[in-house]
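What follows is a single structure, written as structure tokens, with notes after it.
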2 protein chains.
Amino acid sequence: MSTSERLIESTRELLWERGYVGTSPKAILERADAGQGSMYHHFKGKPDLALAAIRRTAEELLATAEAVLTGPGTPYERIEAYLRRERDVLRGCPVGRLTMDPDIIASDELRAPVDETLDRIQELIAGIVEEGKEQGQFGPRVNGEEIAATVLATVQGGYVLARASGSPAAFDAGVRGLLSLLRS
Amino acid sequence: MSTSERLIESTRELLWERGYVGTSPKAILERADAGQGSMYHHFKGKPDLALAAIRRTAEELLATAEAVLTGPGTPYERIEAYLRRERDVLRGCPVGRLTMDPDIIASDELRAPVDETLDRIQELIAGIVEEGKEQGQFGPRVNGEEIAATVLATVQGGYVLARASGSPAAFDAGVRGLLSLLRS
DNA sequence: GTCTATACGATGATAGAC
DNA sequence: GTCTATCATCGTATAGAC
């Protein structure tokens, strides 16, 4: 792997583990086994490197979500597959966690990939819910966009509950609760 | 207000705005208009002061939630009141946001108030759901603890979606979606 | 492309005067 | 109780040699 690649990958890991504010160039360089000069040769600085890392993480997350949501099965089954897909729950969402970072929120450029990714997933889910409505699988009075927001929020909030308690149980409980409501 | 009080209040504000990692003693002292000596006289250091601040914020949040959840109305209405209660959505949850802070999660002492608060609110909601089941307001097949986790997760995740998009709209959409499911 | 040297403010804390 | 040194280390970046 090239030095530039190692820098991006190390940054992705650290952003996931410690967030933007908690990630220093020094820590990135150590993990990537690179020197100061390399980083400032390939990137303009910490924000520039972080942007590259965030973009890649966002793309990867969207691809994973798309794969599950556009897979086989009824609308309910596809949403269930999304909710139950394998996750490293205690690590949290590598994209969603960035929204708690003040420096990310303060920068439109750094926030953009986060916003776009979550928005795109929400649209996908909304479409699936509308599909399910037409098929009579969901009640006619539910709103696709709203349910999509609920589904996404349950996942993002599930990470919060799990990390608070130090156990994935709360995440799973939230998902089961939502699925029980979607079924009834 | 005493110096010690000002230190705690300033820390609470900064923890909410910037998290634990993003909050420096210097920033606290400036906001509290206090000197270095004062802080280290009243508290053992940054973690000790943060613990005092987090405990107070956690207590306050629990009191607010309890007030709404034990208020008047049917079970559904009380959960609706909790979900729709006035919030400064874009600021996020002062307690939940701490779960994204690596140093909070790494310390059982700092994490404890966060865990206990969310857990207590979840128990309250779970009891209300069970009450609603007995009254036939909710289907007999829903589980109180699971629905409580879903409610809490929708709120916590709603903050994430709102901050990602820079608008409270997604939070409100998630809440409306959940309420529509609870009604049907 | 990568390395070392250098810079300067911030971080988190201690010591001792008042 | 509060203030002002003082400290070692970290954070972020630039300059210039190789």
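Letters A, B, ... are given to chains in the order of the sequence lines, protein chains preceding strands, and every chain is numbered from 1. Here the structure is a predicted model, which means the values were calculated and not measured.
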Does [X] come within less than 4.0 Å of [Y], counting only side-chain N to carboxylate O?
X	Y	answer
B:Asp103	A:Arg18	yes
B:Glu9	B:Arg6	no
B:Glu80	B:Arg183	no

Rounded to the Å, how far apart are [X] [atom1] and [N] [atom2]?
X	N	atom1	atom2	answer
B:Leu29	D:dT4	CG	C1'	13 Å
A:Asp48	D:dA13	CG	P	10 Å
A:Arg18	D:dC10	CZ	C1'	13 Å

Does the protein touch nucleotides 3-18 of chain C at the base, only the backbone, or not at all? Give it as B, S and - per nucleotide, heavy atoms under 4.0 Å. BB-----SSSBB----
Test salt bridge (charged side-chain N to carboxylate O under 4.0 Å, His left out) applied to B:Glu146 - qualifying residues, sequence neighbours left out: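 By the salt bridge (charged side-chain N to carboxylate O under 4.0 Å, His left out) rule, B:Glu146 matches A:Arg176.
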With sequence neighbours excluded, tell me which residues meet side-chain hydrogen bond (donor to acceptor under 3.5 Å, both in side chains) with B:Lys46.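 Counting only residues at least two positions away or on another chain, B:Lys46 forms no side-chain hydrogen bond (donor to acceptor under 3.5 Å, both in side chains).
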Decide if atom CZ of B:Arg55 counts as having more than 12 heavy atoms of other residues, nucleotides or ligands within a radius under 6.0 Å.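 For B:Arg55, atom CZ is not crowded (no more than 12 foreign heavy atoms under 6.0 Å).
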Test ring-ring contact (aromatic ring centres under 6.0 Å, His included) applied to B:Tyr82 - qualifying residues, sequence neighbours left out: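 Per chain and number, B:Tyr82 pairs via ring-ring contact (aromatic ring centres under 6.0 Å, His included) with no residue.
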Would you mind listing every side-chain hydrogen bond (donor to acceptor under 3.5 Å, both in side chains) that reaches into residues 134-144 of chain B, with sequence neighbours excluded?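 Counting only pairs at least two positions apart or across chains, the side-chain hydrogen bond (donor to acceptor under 3.5 Å, both in side chains) contacts touching residues 134-144 of chain B are B:Thr74-B:Gln137.
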Using the C1' atoms of the five pairs at each end, what is the angle between the end axes of the helix from C:dG1-D:dC18 to C:dC18-D:dG1, to 10°?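 The end-segment axes of the helix from C:dG1-D:dC18 to C:dC18-D:dG1 are tilted 0° relative to each other.
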When you measure from the side-chain N and O atoms of A:His41 to the phosphate of C:dT2, is any distance below 4.0 Å, counting only OP1 and OP2?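 Answer no for this pair, as no side-chain N or O of A:His41 is under 4.0 Å from OP1 or OP2.
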